[in-house]
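Scope of the values below: all heavy atoms of this structure, side chains included, with no hydrogens, waters or symmetry mates.
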Amino acid sequence: MENPYLCSDECDASNPDLAHPPKLMFDSEDEGLATYWQSVTWRRYPEPLLANITLSWNKSIELTDDIVITFEYGRPTIMMLEKSLDNGRTWHPYQYYADDCMEAFSMPARRVRDLSTTSANRVLCTEEYSRWAGSKKEKTVRFEVRDRFAIFAGPDLKNMDNLYTRLESAKGLKDFFTVTDLRMRLLRPALGGTYVQRENLYKYFYAVSNIEVTGRCKCNLHANLCTFKEGSLQCECEHNTTGQDCGKCKKNFRSRSWRAGSYLPLPNGSPNACAAAGSAFGNCECYGHSNRCSYIDFLNVVTCVSCKHNTRGQHCQHCRLGFYRNSSAELDDENVCIECNCNQIGSMHDRCNETGYCECREGATGPKCDDCLPNYYWRQGCFPNVCDDELLLCQNGGTCYQNQRCICPVGFKGVLCQQSRCEVDKKDCDSAPGAGGSLATVALGVLALQLRGWVDL
């Protein structure tokens with residue numbers, strides 16, 4: 001790739017002139033010469049040239065802008081971005097990148113800006129950053145956080161209230177933008193728009209000059225400041241909370257269960273502060289849902305008895321299973337708890353989370369689990385498509401009927417019409433047109449096949 005700095009010296013961390021540290025991907029370059037970390041060349045071709053780059057914070061981070069990786073001398077033709085939510089113990093795909101998504105990952109190429117409100121957290125494969133552009137200016141690979149925010153907030157991110165509301169209510173959306181670790185798996189280097197030239201294997205390598213991750217500490221909306229203490233990032237917790245992510249109440253402030261702060265109700269949100277045992281909340285307040293209290297000796301607490309209006313808890317401050325909190329009602333409102341109304345077929349059970357979203361079975365989606373994800377269809381529950389127009393194509397001239405089955409032409413059978421009847425049953429060939437069978441016999445055979453398909457379903 002016309003790299004004037006190639007050399008045959010071996011890296012040596014003890015020698016400043018030969019050191020090759022990862023900080024070359026994060027150093028400040030200003031207007032000077034670009035420095036970068038570079039992998040070995042593809043001298044062992046056809047053995048794959050693989051490299052992993054892992055970023056770890058030992059702390060939950062919420063992404064607030066695009067992740068941008070800058071490659072010198074060509075962007076990889078195949079790579080993937082992975083994330084972890086448990087400090088690297090488990091990893092999950094975040095986005096796939098390839099010059100041919102179907103060939104590399106058996107996925108159709110998609111663009112983030114084509115996603116909808118129900119698929120904003122979909123993991124997809126993009127070809128935008130992997131195809132050879134013929135220009136050295138094309139250096140960056142992005143994970144488009146802003147484009148996903150724009151699905152809810154508009155192209156200029158002006159409707160942030162709608163984004164905050166969705167982050168609170170859409171299942172899994174807030175966690176989608178949360179990470180403790182990121183990993184880039186580089187799977188095939190830039191090829192310069194051509195095939196691999198065996199005589200020039202020194203031209204193929206990975207070179208990363210900059211990695212930019214814009215985010216903030218996840219403090220569950222219980223802190224406005226995050227500092228570096230004792231070798232790790234720590235939230236400066238407020239609202240009587242504590243922990244690295246402000247994820248629990250302080251001792252003596254546990255008269256009610258810990259809750260994350262909320263963006264709702266707009267515009268100021270709710271801190272959901274932890275309350276002290278001796279506070280007004282700690283004195284037996286039942287919010288009008290009970291007129292009796294009981295003292296539990298071994299716990300040294302006073303609790304409300306026989307909570308009404310579908311409430312429960314020490315102070316009747318929570319909703320019964322199968323109900324969720326009405327965000328527009330005060331705690332002393334008789335209608336503070338609303339029934340979940342989960343779809344009995346699409347949901348795992350009749351319980352929902354604090355925003356009314358039910359836990360859906362595989363393939364189901366929507367607040368009440370009464371809709372299906374893409375590539376699924378509804379028929380007393382969500383079932384995966386037998387056929388579609390993208391990945392599950394009916395073969396040999398078959399047609400897809402409502403994504404539920406392939407209607408096969410005469411002479412073929414199987415889920416996708418992939419089998420020739422002649423290969424399976426010689427008698428079917430003998431009775432085909434031109435082999436002694438009448439047209440009436442053929443027509444009856446097609447009708448029987450269609451009827452059998454309906455029965456099989």
Assess whether side chain to side chain contact (heavy atoms under 4.5 Å, CB included) is satisfied between Gln395 and Leu393, documenting all intermediate values.
CA-CA 6 Å; Gln395 301 175 23; Leu393 298 174; 5.6 Å; no
A side-chain contact here means heavy atoms from C-beta on lying under 4.5 Å apart; do [X] and [Y] qualify?
X	Y	answer
Met184	Ile211	yes
Phe71	Val208	yes
Thr241	Phe253	no
Val386	Val415	yes
Met79	Tyr129	no
Met80	Gln95	no
Val336	Thr311	yes
Ile61	Leu182	no

Side chain to side chain contact (heavy atoms under 4.5 Å, CB included) between Arg148 and Val145: does it pass, once the steps are laid out?
CA-CA 5 Å; Arg148 292 180 188 257; Val145 172; 5.9 Å; no
With a 3.5 Å distance limit and no angle check, can you tell me whether [X] reaches the backbone of [Y] through a side-chain donor-acceptor pair?
X	Y	value
Glu103	Ala98	no
Trp258	Cys246	yes
Asn240	Lys250	no
Ser119	Leu115	no
Asn396	Cys417	yes
Asn403	Asn375	no
Ser347	Cys360	no
Ser290	Val305	yes
Lys83	Phe176	yes

Evaluate the pair Cys352, Cys358 and indicate whether the two SG atoms are within a distance below 2.5 Å.
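Cysteines Cys352 and Cys358 do not qualify as a disulfide pair, their SG atoms being 2.5 Å or more apart.
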Would you say Cys387 and Cys406 have SG atoms less than 2.5 angstrom apart?
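Between Cys406 and Cys387 there is no disulfide, given that their SG atoms are not under 2.5 Å apart.
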Got a sec: does the [atom1] of [X] have more than 12 other heavy atoms crowding it under 6.0 Å?
X	atom1	result
Asp86	CG	yes
Glu334	CD	no
Glu236	CD	yes
Arg183	CZ	yes
Lys248	NZ	no

Applying disulfide (SG to SG under 2.5 Å), run through Cys226 and Cys235 and close with a yes or a no.
CA-CA 4 Å; Cys226 189; Cys235 299; 4.6 Å; no
Side chains of Ser56 and Asp181: do they bring a donor and an acceptor to under 3.5 Å?
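Per modelled atom types, Ser56 and Asp181 side chains form a pair under 3.5 Å.
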Go through the steps to decide whether Cys307 and Cys316 satisfy the test disulfide (SG to SG under 2.5 Å), and finish with yes or no.
CA-CA 6 Å; Cys307 295; Cys316 303; 2.0 Å; yes
Nearest 0.5 angstrom please: [X] [atom1] to [Y] [atom2], how far?
X	Y	atom1	atom2	answer
Phe152	Tyr164	CZ	OH	14.0 Å
Leu191	Asp99	CG	CG	7.5 Å
Glu354	Leu264	CD	CG	11.5 Å
Leu157	Phe149	CG	CZ	8.0 Å
Cys340	Arg320	SG	CZ	10.5 Å
Leu186	Leu81	CG	CG	10.5 Å

Qualifying residue for side-chain hydrogen bond (donor to acceptor under 3.5 Å, both in side chains) with Thr77, from Glu127, Arg131, Arg188:
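Option passing the side-chain hydrogen bond (donor to acceptor under 3.5 Å, both in side chains) with Thr77: Arg188.
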Report the C-alpha separation of Cys337 and Cys319 in whole Å, then their side-chain angles, then the decisive distance to 0.1 Å, and conclude whether the disulfide (SG to SG under 2.5 Å) test is met.
CA-CA 6 Å; Cys337 292; Cys319 292; 2.2 Å; yes
cation_pi(Arg405, Tyr401) dist<6.0 Å, angle<=45:
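Satisfied, under 6.0 Å and within 45°.
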Evaluate the criterion side chain to side chain contact (heavy atoms under 4.5 Å, CB included) for residue pair Cys394 and Thr399; output intermediate values, then yes/no.
CA-CA 6 Å; Cys394 297; Thr399 57; 5.9 Å; no
If you take all heavy atoms of Tyr36 and Glu72, which pair is closest and at what distance?
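Reported closest heavy-atom pair: CD2-CG, 3.9 Å.
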Where Cys293 and Val302 come nearest, the two heavy atoms and their spacing:
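Closest pair (atom of Cys293, atom of Val302, distance): CB-CG1, 3.9 Å.
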Any carboxylate oxygen within less than 4.0 angstrom of a Lys/Arg side-chain nitrogen, looking at Arg111 and Glu128?
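Looking at Glu128 together with Arg111, the answer is no, because their closest N to O distance does not fall below 4.0 Å.
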Would you check, one step at a time, whether the test disulfide (SG to SG under 2.5 Å) holds for Cys342 with Cys369?
CA-CA 7 Å; Cys342 300; Cys369 304; over 6 Å; no
Considering only distance and modelled atom types, tabulate donor-acceptor pairs under 3.5 Å from the side chains of residues 212-222, sequence neighbours left out.
from   : atom 1 : to     : atom 2 : distance (Å)
Arg216 : NE     : Glu62  : OE1    : 3.1
Arg216 : NH2    : Tyr263 : OH     : 2.7
Asn220 : ND2    : Asp245 : O      : 2.8
His222 : ND1    : His239 : ND1    : 2.9
His222 : ND1    : Pro271 : O      : 3.4
His222 : NE2    : Arg259 : O      : 2.8
His222 : NE2    : Gly261 : N      : 3.4

Step-by-step side chain to side chain contact (heavy atoms under 4.5 Å, CB included) determination, Ile53 to Trp37
CA-CA 11 Å; Ile53 300 174; Trp37 172 90; 4.2 Å; yes
Could you give all pairs that pass the disulfide bond (SG atoms under 2.5 Å apart) test and reach residues 77-113, with sequence neighbours left out?
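Every disulfide bond (SG atoms under 2.5 Å apart) pair that includes a residue of residues 77-113, provided the two are not neighbours, is Cys101-Cys125.
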